[in-house]
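The structure under discussion appears below in the form of C-alpha cells.
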Amino acid sequence: MEQKHQKLQELLRELAAEFFSKESNRQSLITITAVEVMSRGGRASILITVLPEEKEIEAVEFMRRRLSDFREYVTSHSRIGRVPFFDVDIDAGEKNRQRIDEISGKQ
C-alpha cells in the first residue's frame, strides 16, 4: 500500500510540474518539490519553492487560482479514480535545507 501511495504522490508531482510550467507567466521560477496526499486521498498539498523568494506570495496566489483547472488536468491526464482536492504551500523543509547549504558554504 505504501508503494502505491508513493507512486500516486510522484504522479501528481509530475502532473503539477507539467501543468504549472505551461500556465506560469515566467515571472518567477516555480519548482514543485513534492505532493503530499493525505491518508484517504481526498486532499493533497502541493509543496513548492519559488525563485526569487520575493515572488513567493504571488506564485502561491497564482497557483491557488488555478487549482480547479489543475484538478481537471489531472482528471484528463491520468487514470486516478478519485482525484484529490489540492492546496499549495511553500516547502519549508526545502527552504531550510537551502539555508543550511548557504550557511555551510556548499552552494
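- Under the 4.5 Å side-chain heavy-atom criterion for ILVMFWY residues, no single connected hydrophobic cluster contains both L47 and F86.
- Each ring pair (Phe, Tyr, Trp, His ring centres under 6.0 Å) pair with one or both residues in residues 15-39, not counting sequence neighbours, appears once here: F19-F70, F19-Y73, F20-F70.
- Within the model, atoms CG of L67 and CD of E72 stand 11.5 Å from one another, a figure rounded to the nearest 0.5 Å.
- In this structure a side-chain-to-backbone donor-acceptor pair under 3.5 Å is missing from R64 to A59.
- Judged by distance alone, the side chain of Q9 and the main-chain N or O of V37 form a donor-acceptor pair under 3.5 Å.
- Summarising the hydrophobic clusters (Ile, Leu, Val, Met, Phe, Trp, Tyr; side-chain heavy atoms under 4.5 Å, direct or chained), the residues clustered with F85 are none.
- In this structure, T75 OG1 and I80 CD1 are separated by 8.0 Å, a value rounded to the nearest 0.5 Å.
- Between E54 and S28 there is no side-chain heavy-atom pair separated by less than 4.5 Å.
- In this structure, the side chains of L8 and P84 stay at 4.5 Å or more apart for every pair of heavy atoms.
- Sorted by first then second residue, the ring pair (Phe, Tyr, Trp, His ring centres under 6.0 Å) pairs that include residues 40-69, not counting sequence neighbours, number zero.
- For E23, the salt bridge (Lys or Arg N to Asp or Glu O under 4.0 Å) partners at least two apart in sequence or on another chain are R66.
- The number of heavy atoms from other shown groups lying within 6.0 Å of CG (L51) is above 12.
- Partners of E10 by salt bridge (Lys or Arg N to Asp or Glu O under 4.0 Å), not counting sequence neighbours, listed by chain and number: R13.
- With T33 as the fixed residue, the side chain to side chain contact (heavy atoms under 4.5 Å, CB included) test singles out one of I48, D91, I90: D91.
- Between the side chain of S104 and the backbone N or O of D101 there is at least one donor-acceptor pair closer than 3.5 Å.
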Would you please test R71 and S76 for side-chain contact (heavy atoms from CB on, under 4.5 Å) and show each step?
CA-CA 9 Å; R71 194 161 188 270; S76 65; over 6 Å; no
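- Nearest heavy-atom pair, R40 versus R82, reported as atom, atom and distance to 0.1 Å: O-NH1, 3.2 Å.
- Atoms NZ and CD, from K22 and E18 in turn, are 6.0 Å apart once rounded to the nearest 0.5 Å.
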For R79 and L11: C-alpha separation, side-chain torsions, deciding distance, then whether side-chain contact (heavy atoms from CB on, under 4.5 Å) applies.
CA-CA 10 Å; R79 296 186 302 171; L11 172 63; over 6 Å; no
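- For residues 42-53, the set of pairs meeting the salt bridge (charged side-chain N to carboxylate O under 4.0 Å, His left out) definition, not counting sequence neighbours, comprises E53-K95.
- Between P52 and Q27, the shortest heavy-atom distance links the atoms CD-O, 4.5 Å.
- Using a 4.5 Å cut-off on side-chain heavy atoms (C-beta onward), L15 and V35 make no contact.
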